[in-house]
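Just the heavy atoms: all of them, side chains too, but no hydrogens, waters or symmetry mates, feed the values below. When a residue number appears, it is its place in the shown sequence, counting from 1.
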Amino acid sequence: MTIQDSHWQAAVVPASTSDGNGGIGSNGRVGQGGASRSAPLRVDAQRNLEHVLRAAREVFGELGYGAPMEDVARRARVGVGTVYRRFPSKDVLVRRIAEEETSRLTEQARTALGQEEEPWSALSRFLRTSVASGAGRLLPPQVLRVGVDGEESTVVARAESRVPHQRVGPQPDLRVVGPRPVPAEEQDDTGAAELLEVVGQLVDRARAAGELRGDVTVADVLLVIATAAPALPDAAHQAAASARLLDILLEGLRPRSG
């Protein structure tokens, strides 16, 4: 994954809800003199917000969280000032996207856990649904580092360098940053702890049933999600490539026969 940890570390600092003067708070919402609820947005403002969020998911999914706000504005077809009016800093926007994608993955895991009786069916359903949705490209980086230390750090760093997938060609303004220790408060800031707990249940069930390799961890499962959704120009080609890659990765998760 292409990550700028300096952006992410700032993004997880709790945001205030308002500036206390009816202005824009650091969470990107309109303040109401200290009131906790946001004022209703005008139709055009709501439309712009939706465009910005959609563009941010696309841009960050392609380039990583190191992509500049100007790229998000360009993709949303709005001025960069419009983006900053809703999200006073890039860190606030990054946190918003990461929270939404983590929540989506958590719900997908819960659905698979609750609707599939067979442990392997539940785990594979979660992986297929998550990869198809593309949510793995926007996982918070600390989720991919859970339970990783020592030599395994190199493996995760390499995987992160590929997720989100990059455009072909040089990207001089982006750099891969190696794993850093993640404070406990950051691990739960975007709902990551909840995601890890539910995915952990899927992993434990499949392992107990003898349908998952004993050395597979929750971090391994999340790495499958993050790496099995290549960003390709043609949508049909991307879907086919993702399905093929996931089939190969799923086979690798199964216990070795004999």
Side-chain angles (χ1 to χ4, degrees), residues 1-3 5 8 12 98 101-114 116 118-165 176-230 242 245-258:
M1 179 182 287
T2 295
I3 302 165
D5 270 11
W8 182 260
V12 295
E101 296 308 308
T102 302
S103 176
R104 177 159 59 148
L105 279 174
T106 301
E107 288 306 310
Q108 290 169 350
R110 280 207 189 95
T111 298
L113 192 62
E116 298 289 343
E118 295 296 326
W120 177 254
S121 297
L123 180 60
S124 60
R125 171 176 172 170
F126 166 62
L127 287 169
R128 292 187 185 281
T129 302
S130 301
V131 169
S133 72
R137 299 191 195 122
L138 294 165
L139 276 171
Q142 71 265 25
V143 173
L144 297 177
R145 299 183 184 126
V146 171
V148 177
D149 52 23
E151 294 181 358
E152 294 184 12
S153 306
T154 305
V155 177
V156 174
R158 287 173 183 166
E160 289 182 6
S161 71
R162 297 193 300 270
V163 184
H165 297 269
V176 178
V177 180
R180 64 173 173 81
V182 182
E185 62 270 17
E186 289 189 21
Q187 294 182 14
D188 194 32
D189 192 75
T190 60
E194 191 174 7
L195 171 64
L196 295 171
E197 180 182 356
V198 181
V199 176
Q201 294 178 45
L202 289 169
V203 169
D204 289 344
R205 286 181 60 199
R207 187 188 295 120
E211 297 180 337
L212 183 69
R213 283 172 46 177
D215 61 340
V216 172
T217 66
V218 172
D220 294 328
V221 170
L222 294 175
L223 281 172
V224 169
I225 297 171
T227 55
S242 293
L245 180 55
L246 182 56
D247 284 341
I248 294 171
L249 293 172
L250 283 172
E251 187 63 28
L253 295 178
R254 301 301 297 265
R256 296 182 179 89
S257 58

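- Between P255 and G210, the shortest heavy-atom distance links the atoms CG-O, 3.2 Å.
- The side chain to side chain donor-acceptor pair (under 3.5 Å) search around R110 returns E107, E194, not counting sequence neighbours.
- Between the side chain of R213 and the backbone N or O of G252 there is at least one donor-acceptor pair closer than 3.5 Å.
- Distance CD1/I225 to OG/S130: 4.0 Å, rounded to 0.5 Å.
- From L253, atom CG reaches atom CG of L212 across 6.0 Å, with rounding to the nearest 0.5 Å.
- Without hydrogens or angle criteria, E211 side chain to W120 main chain gives a donor-acceptor distance under 3.5 Å.
- Note that CD of E118 is 13.0 Å distant from CG of L123, once rounded to the nearest 0.5 Å.
- Side chains of T217 and D220 form a contact here, defined as non-hydrogen atoms less than 4.5 Å apart.
- Contact record, V199 with A109: CG2-CB, 4.3 Å, taken as the closest heavy-atom pair.
- Side-chain contact check for R205 versus L113: some heavy-atom pair is nearer than 4.5 Å.
- The CG atom of L202 lies 11.5 Å from the OG atom of S121; values are rounded to the nearest 0.5 Å.
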Evaluation steps, side-chain contact (heavy atoms from CB on, under 4.5 Å), between F126 and V203:
CA-CA 11 Å; F126 166 62; V203 169; over 6 Å; no

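- For the pair L245/T227, no side-chain contact is recorded, criterion being any heavy-atom separation below 4.5 Å from C-beta on.
- Residues L105 and L139 are in side-chain contact: their nearest non-hydrogen atoms beyond the backbone lie under 4.5 Å apart.
- Contact detail for Q108 and S133: the closest heavy-atom pair is NE2-OG, 3.4 Å.
- Heavy-atom minimum distance, T106 versus G191: OG1-O, 4.5 Å.
- The two residues G200 and V218 make their nearest non-hydrogen contact at CA-CG2, 3.5 Å.
- Partners of R254 by side chain to side chain donor-acceptor pair (under 3.5 Å), not counting sequence neighbours: none found.
- Inter-residue side-chain proximity for L127 and L249 is flagged as unmet; no heavy-atom pair is nearer than 4.5 Å.
- Ion pairing between R128 and D247 holds under the 4.0 Å rule for side-chain N and carboxylate O.
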